[in-house]
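Read the structure below first, then the notes.
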There are 2 protein chains.
Amino acid sequence: MVRIGEFSKIAQVPASQLRYYDEIGLFSPMRIDSETGYRYYSVQQLAQLNRILALKDLGLALDPIKRLVEKEVSPDEMRGMLALKKAQIEQTLQAEAVRLNAVESRLQLLDREGAFQDDDVVLKSLPAQPFLSMRRTYGNLVETLAGISQMGKTVTQQVEAKALGRFAAVIYGELFEDSNWDLEFGFLLNHSLDLTVALSEETVMEVRELPAVATAVTAMRFGGPENGHLSYSAIGTWVENHQYRLIGPGREVFVVPPRPGHESEMVVEIQFPVEALSA
Amino acid sequence: MVRIGEFSKIAQVPASQLRYYDEIGLFSPMRIDSETGYRYYSVQQLAQLNRILALKDLGLALDPIKRLVEKEVSPDEMRGMLALKKAQIEQTLQAEAVRLNAVESRLQLLDREGAFQDDDVVLKSLPAQPFLSMRRTYGNLVETLAGISQMGKTVTQQVEAKALGRFAAVIYGELFEDSNWDLEFGFLLNHSLDLTVALSEETVMEVRELPAVATAVTAMRFGGPENGHLSYSAIGTWVENHQYRLIGPGREVFVVPPRPGHESEMVVEIQFPVEALSA
DNA sequence: TCTTGACCTTCAAGTAGCTTGAAGCTTTAG
DNA sequence: CTAAAGCTTCAAGCTACTTGAAGGTCAAGA
């Protein structure tokens, strides 16, 4: 029997933690002196403590561990817990990898530019997302707007609102020509669905996965398309100045969609996939 | 200007979080009605909020982000922060990978055994660790103990105590023979050092890295070597029953080293690297 | 035997980044 | 005009601890 300080040295666990585990009833000393309150542990208890720490290392929370060591858990429940944990860890791994990517981008950027950028152009990484969309070539602005408006109505009628995310467009051609716009547009979805929406005999919207983008340059455009060239040129000069290169079609995500009579309040996020030109 | 509810929908950020950011002075509404206290945001502020969220996505804490957006950070400081973050993320990635491994081991184990084991044999993953050690073949127990004892004295005299971890041994041969024990022993180190310790003309201890073990079966032995066979046979039967295979030399880590007169209180952790026999 | 210092006790508060809930006021739609 | 939805502040809760204050206990040396 040893006092808490020695046991904490042996087990390589801070005494405060042992007291805490005692307090929450997870792991208690062999004996507590009823006069002084001193905790006395036996080295035999190391085995138990190690089991607890091993489970904690798996990423389990203390509460489930408590039930585990008290044997209140069926094998099936245990299997469920572990499978859940596994899925969580896999997610975390993915998320961390993306994060690492983003941090590295920033670092490279900083090395080249020497200062932190303070304009409105921002690097992001974009996750893959299901996209209920159609692709077509439009002759002019009026035709496009009409198409979009009709699509909006049809979709909101046929698809439950909470599945629908933001309205978005992918721009395949050059927008700076006045005609023949090659566009894909539709709604981002909050979770993948298997559905199609028929707009007419010839045009059907389908769900596909909009691929993830490791690094994208993004900018916000406030107001209607008349401000569009501003944001595009901001992105264009930024990309040139910072030694990146466009590697895919741009996207516009409608953060605040235009409402009739309030078009000037609309907000669009413009996103371009890029990659760093390796020095 | 919109109220907090609508802004929260647009920005996809809970209102409670916006209030919190206001409270800590990280991101405040454009205007607060002095009569009602209502917060009013402008859509233009989305750009600022998005910058903040992007930095948060990098894994930065809110406090540094606050200083960043208030531009109280030099590029060099920023570089330092990011480099630190990068290192942290890389660590996390490693740790998560190990964790995933361990969880998968447990799951496989559970699938084969159908129940959670409740004896004292536990699966762990072991990190790589620097090891100040020497390897020799010993003729018999007495010779071995003498060697160990001399080594302990010399090392504790020559190396600062706080660098020294636990005493440990790697067992290369079969211990069940009575002679010719092929052993490596010495002290685990808390951080890597570049040093050698000469025990005699012929024997010199050096620091080398004891490799990490993805999956190890471990057991605790309480008491002297006379209990040793118990733990070894426990591990042996466990490994057979659970369809694992030994893939490297075993280790003994002295958690509570023997003290003269109190040998029966010693505690040793026995570790064997294993791998699952793929079904 | 006394003192000193190391060690132990409990209890309260702090950590990060929020979320939840209660009690009460304001705005908007019908 | 009323009801519902939306807003306010303030307090407490979450995880897994750590830190610190105030005070009691133990072992060794003088």
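All values below come from the heavy atoms of this structure, side chains included, with hydrogens, waters and symmetry mates left out. Within every chain, numbering begins at 1; the chains are lettered A, B, ... in the order of the sequence lines, protein sequences first and strands thereafter. Keep in mind the model is a prediction, meaning the values are calculated, not measured.
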Does a salt bridge link A:Arg221 with A:Glu269, judged by any charged N lying under 4.0 Å from a carboxylate O?
no
N-O pairing of B:Asp22 and B:Arg19 below 4.0 Å:
no
With a non-hydrogen cut-off below 4.0 angstrom, is [X] in contact with a base, only sugar-phosphate, or nothing?
| X | answer |
| --- | --- |
| B:Arg3 | sugar-phosphate |
| B:Leu62 | sugar-phosphate |
| A:Ala15 | nothing |

In this structure, how many angstroms lie between the [atom2] atom of [N] and the [atom1] atom of [X], rounded?
| X | N | atom1 | atom2 | answer |
| --- | --- | --- | --- | --- |
| B:Leu26 | C:dG17 | CG | P | 10 Å |
| A:Tyr20 | C:dT9 | OH | C1' | 19 Å |
| B:Leu55 | C:dG17 | CG | P | 13 Å |
| B:Asp22 | C:dT19 | CG | C1' | 17 Å |
| B:Ile24 | C:dT15 | CD1 | P | 13 Å |
| B:Leu60 | C:dG17 | CG | P | 10 Å |
| A:Glu23 | C:dA12 | CD | C1' | 11 Å |
| B:Tyr21 | C:dG17 | OH | C1' | 8 Å |

The first and last nucleotides of DNA chain D lying within contact of chain A, meaning any atom under 4.0 Å from one of its heavy atoms, run from D:dA16 to D:dC26
Is there side-chain contact between [X] and [Y], with heavy atoms separated by less than 4.5 Å?
| X | Y | result |
| --- | --- | --- |
| A:Tyr38 | A:Arg31 | no |
| B:Met220 | A:Gln44 | no |
| B:Val255 | B:Val268 | no |

Between B:Leu188 and B:Leu210, is the side chain to side chain contact (heavy atoms under 4.5 Å, CB included) condition met? List the steps.
CA-CA 9 Å; B:Leu188 296 169; B:Leu210 201 56; 3.8 Å; yes
Which atom pair, heavy atoms only, marks the closest approach of B:Ile4 to B:Ala15?
CD1-O, 3.7 Å
Centroid-to-centroid, A:Tyr21 to A:Phe27, below 6.0 Å?
no
If you assign B:Gln17 and A:Lys9 each to the DNA chain C nucleotide with the nearest heavy atom, which residue ends up on the more 5' nucleotide?
A:Lys9
Just wondering, are more than 12 heavy atoms of other shown residues or ligands nearer than 6.0 Å to CD in A:Gln94?
no
Expected output is a numbered-order residue list: members of residues 28-42 of chain A with a heavy atom under 4.0 Å from any atom of DNA chain D. What is it?
A:Thr36, A:Tyr38
Quick one: which of C:dG17, C:dT9, C:dT19 gets closest to the side chain of A:Ile4?
C:dT9
